[in-house]
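Single-structure report; data block below.
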Amino acid sequence: MRKKVLLISNHGGGFYNFKRELVSELLKLGYEVHFAVPPNEKLERLVMEGAVHHEISIDRRGINPVKDLDLINQFRRLIKGIKPDIILSHTIKPNIYASILARNQGIPYLNNITGLGSALQNNSKLAGLLRFLYRYALSDSSGIFFENEGNRRYFQQYNIGKEENYIVVSGAGVNLDEFSPKYKIETDESGSQEKEIIFIFIGRIMKDKGIEEFLGAAEYIKRSNPATRFQIVGFYDEQEYSDKIDSLVKQNIIEFLGPSTDTRVEMSQADCIVLPSYHEGMSNVLLEGAAMGLPLITTDIHGCKEAVDDGKNGFLCKVKDTESLIDAMERFIALSAEERRQMGLHGREKMVKEFDRKLVIGQYIKVIQSVIGEAQ
């Protein structure tokens with residue numbers, strides 16, 4: 001009888017983008033694969049491969065066990081109905097609620113910490129509640145996957161889970177076939193400093209992604225370097241930035257492109273990815289951009305800096321520091337076209353060596369097989 005693997009996450013599109021290769025590999029190995037995520041049209045492709053999709057409804061914001069009773073009951077019915085041999089959960093609510101249920105039913109479970117999120121970045125009552133819930137939920141976890149070393153140290157500091165079960169992986173990794181330099185539009189390599197340079201921000205439009213610093217840098221640099229363009233790709237996670245961006249669009253400082261169905265299209269025409277984020281698990285945008293041969297400018301924090309060899313495939317700047325971001329952008333502008341091209345090549349090489357998604361999947365598979373073997 002085939003072993004059953006249940007994967008749970010809070011976002012259908014994100015699950016497909018970053019875990020579909022894991023699902024495919026589990027199916028090839030003969031597992032019965034179930035995944036519980038909110039609906040998304042892309043997920044039908046996994047169903048066609050043989051995986052079973054269980055639709056769930058989940059509010060990703062906030063955490064309150066009383067308000068989340070419906071979600072907890074969804075997980076309870078799901079686990080009771082499937083009777084999985086192992087559960088792999090991603091994101092905060094599945095990591096907490098599904099893990100507690102699995103623990104109570106004696107089902108082995110694994111956790112993927114995709115980032116700490118804003119709530120755990122301060123000493124608020126909510127942060128204290130989350131740490132308490134995490135400690136309880138992950139106390140019997142058979143494996144806790146972290147996407148950067150900083151997150152691992154945080155869990156170690158607060159005694160969450162068993163340290164011997166910590167595993168640090170290279171984020172979700174990057175699909176090197178899908179994100180390849182072949183998609184990058186070739187530009188003038190004459191070395192002329194008059195060439196138009198496109199800086200692109202890709203992400204949710206919110207304070208913690210560094211949107212304020214990006215806008216501030218764009219306003220400053222555009223005055224002294226008119227042959228620069230600043231593009232934003234994404235949706236408003238915090239609506240208060242819409243008026244500011246609309247104003248900058250009217251002044252021809254910002255180009256707002258909105259959400260993208262395939263970021264390779266926008267990346268292919270850009271010269272540099274800019275992400276001044278305050279915290280990340282591991283930025284997929286940076287990994288994908290580097291895999292396509294784009295230089296990077298990002299903050300010197302865990303979850304971002306791992307993608308950059310400072311000065312070789314991009315530049316690092318200080319977090320929450322517009323002047324530092326401006327300095328990094330001006331250093332990039334001062335490079336010749338050939339120097340920018342070499343940066344892109346170095347970034348691609350780095351992704352091949354360190355962030356190939358096949359390597360990350362191999363780590364997950366190894367742990368899943370080990371745990372299921374122990375449970376037999």
Looking just at side-chain N and O atoms, do Glu306 and Asn148 make a donor-acceptor pair shorter than 3.5 Å?
no
Would you give me the side-chain donor-acceptor pairs under 3.5 Å for residues 242-249, sequence neighbours excluded?
from	atom 1	to	atom 2	distance (Å)
Ser242	OG	Gln239	O	2.9
Lys244	NZ	Glu219	OE1	3.1
Ser247	OG	Gln251	NE2	3.0

Is it the case that one hydrophobic cluster holds both Ile113 and Phe18, taking links as side-chain heavy atoms less than 4.5 Å apart, direct or via other members?
no
For the hydrophobic clusters of this structure (ILVMFWY residues joined by side-chain heavy atoms under 4.5 Å, transitively), does one cluster hold both Leu129 and Ile160?
yes
Minimum heavy-atom distance between Ala102 and Ile79, given as atom pair plus value
N-CD1, 4.5 Å
Quick one, Gln369 with Tyr31, criterion side-chain contact (heavy atoms from CB on, under 4.5 Å). Give me CA distance, side-chain angles, the key distance, then yes/no.
CA-CA 10 Å; Gln369 291 179 326; Tyr31 292 101; 3.2 Å; yes
Output for pair (Asp85 CG, Met1 CE), nearest 0.5 Å, gives 8.0 Å
Give me the atom names and distance for the closest heavy-atom approach of Asn313 to Asp309.
OD1-N, 2.7 Å
I'd like to know whether Lys320 forms a side-chain contact (heavy atoms from CB on, under 4.5 Å) with Thr299, so could you lay out the CA-CA distance, the side-chain angles of the two residues, the decisive distance to 0.1 Å, and finally the verdict.
CA-CA 8 Å; Lys320 302 181 184 180; Thr299 41; over 6 Å; no
So which heavy atom on Ser57 is nearest to which on Leu71, and how close?
O-CD1, 3.7 Å
Is there a path of hydrophobic side-chain contacts, each under 4.5 Å between heavy atoms of I/L/V/M/F/W/Y residues, joining Val52 to Val23?
no
Test item: side-chain donor near acceptor, Arg131 and Tyr154, under 3.5 Å
yes
Using a strict 4.0 Å threshold on nitrogen-to-oxygen distance, state whether Glu238 and Lys207 make a salt bridge.
no
Taking NZ in Lys366 as the centre, count heavy atoms belonging to other residues, nucleotides or ligands within less than 6.0 Å. Is the count above 12?
no
Answer whether the closest heavy-atom distance between the side chains of Ser9 and Phe35 falls below 4.5 Å.
no
Quick one, His302 and Phe146 - any side-chain contact, counting heavy atoms below 4.5 Å?
no
Scanning both residues in full, the closest heavy-atom pair of Leu27 with Ala51 reads CD1-N, 3.9 Å
Compare all side-chain heavy atoms of Leu22 with those of Ile365 and state whether any distance is below 4.5 angstrom.
yes
Closest non-hydrogen atom pair between Ser89 and Asn95, with its separation
OG-OD1, 2.7 Å
Considering the options Leu286, Asp356, Val174, which one meets the side-chain contact (heavy atoms from CB on, under 4.5 Å) requirement together with Met351?
Val174
With a 6.0 Å cut-off on ring centres, are Phe332 and Phe199 close enough?
yes
With a 6.0 Å cut-off (strictly less than), is the heavy-atom count around NZ of Lys4, excluding the residue itself, greater than 12?
yes
Cation-pi, Tyr136 ring and Arg103 (6.0 angstrom, 45 degrees):
yes
I need the Arg223 CZ to Ile253 CD1 distance, nearest 0.5 Å.
7.5 Å
In Å, rounded to the nearest 0.5 Å, how long is the span from CG of Asp310 to CG of Asp300?
7.5 Å
Shortest non-hydrogen contact from Ser260 toward Val233:
CB-CG1, 3.6 Å
Is a salt bridge present between Glu255 and Arg229, judged by a nitrogen-to-oxygen distance below 4.0 Å?
yes
4.5 Å side-chain heavy-atom contact, Leu101 and Lys80
no
If we only count heavy atoms from C-beta on, is the Ile56 to Pro38 side-chain gap below 4.5 Å?
yes
Hydrophobic cluster partners of Val319 (side-chain heavy atoms under 4.5 Å)
Tyr278, Ile301
Does some side-chain heavy atom of Leu316 sit less than 4.5 Å from a side-chain heavy atom of Thr298?
yes
Using only atom types and a distance under 3.5 Å, with no angle test, would you say the side chain of Ser99 pairs donor to acceptor with the backbone of Ala137?
no
Salt bridge (charged side-chain N to carboxylate O under 4.0 Å, His left out) for Arg340 and Asp271? Distances and angles first, verdict last.
CA-CA 8 Å; Arg340 292 193 292 271; Asp271 295 287; 5.0 Å; no
Hey, is CD on Glu323 packed in by over 12 heavy atoms from elsewhere, all under 6.0 Å?
no
Within the supplied structure, the quantity of interest is the number of heavy atoms (other residues, nucleotides, ligands) at a distance under 6.0 Å from Lys222 NZ; does it exceed 12?
yes
Evaluate side-chain contact (heavy atoms from CB on, under 4.5 Å) for Leu26 paired with Ile368, printing each intermediate quantity in order.
CA-CA 10 Å; Leu26 288 168; Ile368 289 170; 4.2 Å; yes
Do Ile198 and Ile297 sit in the same hydrophobic cluster, where Ile, Leu, Val, Met, Phe, Trp and Tyr count as joined when their side-chain heavy atoms come under 4.5 Å apart?
no
Test log, rule side-chain contact (heavy atoms from CB on, under 4.5 Å), inputs Ile211 and Ile232:
CA-CA 9 Å; Ile211 189 63; Ile232 295 175; 3.8 Å; yes
Parallel, tilted or perpendicular: which fits the ring planes of His34 and His54, with parallel below 30° and perpendicular above 60°?
parallel
Hydrophobic cluster identity match, Ile144 and Phe132, side-chain contacts under 4.5 Å:
yes
Between Tyr134 and Ile96, is any pair of side-chain heavy atoms under 4.5 Å apart?
yes
Are there over 12 heavy-atom neighbours, none belonging to Tyr220, within less than 6.0 Å of that residue's OH?
no
Is it the case that Glu49 and Ser24 place a side-chain donor and acceptor less than 3.5 Å from each other?
yes
I want to check something: taking the side chain as every heavy atom from C-beta on, are Phe214 and Ile254 in contact at a cut-off of under 4.5 Å?
yes
ring-ring contact (aromatic ring centres under 6.0 Å, His included): pairs with one or both residues in residues 66-120, sequence neighbours excluded
none
Applying the salt bridge (Lys or Arg N to Asp or Glu O under 4.0 Å) test to Glu280, which of Arg204, Lys209, Lys305 qualifies?
Lys209
Without swapping roles, check the side chain of Asn225 against the backbone of Thr228 for a donor-acceptor pair under 3.5 Å.
no
In plain terms, say whether Asp68 and Lys93 are close enough for a salt bridge, that is, a side-chain N and a carboxylate O under 4.0 Å apart.
yes
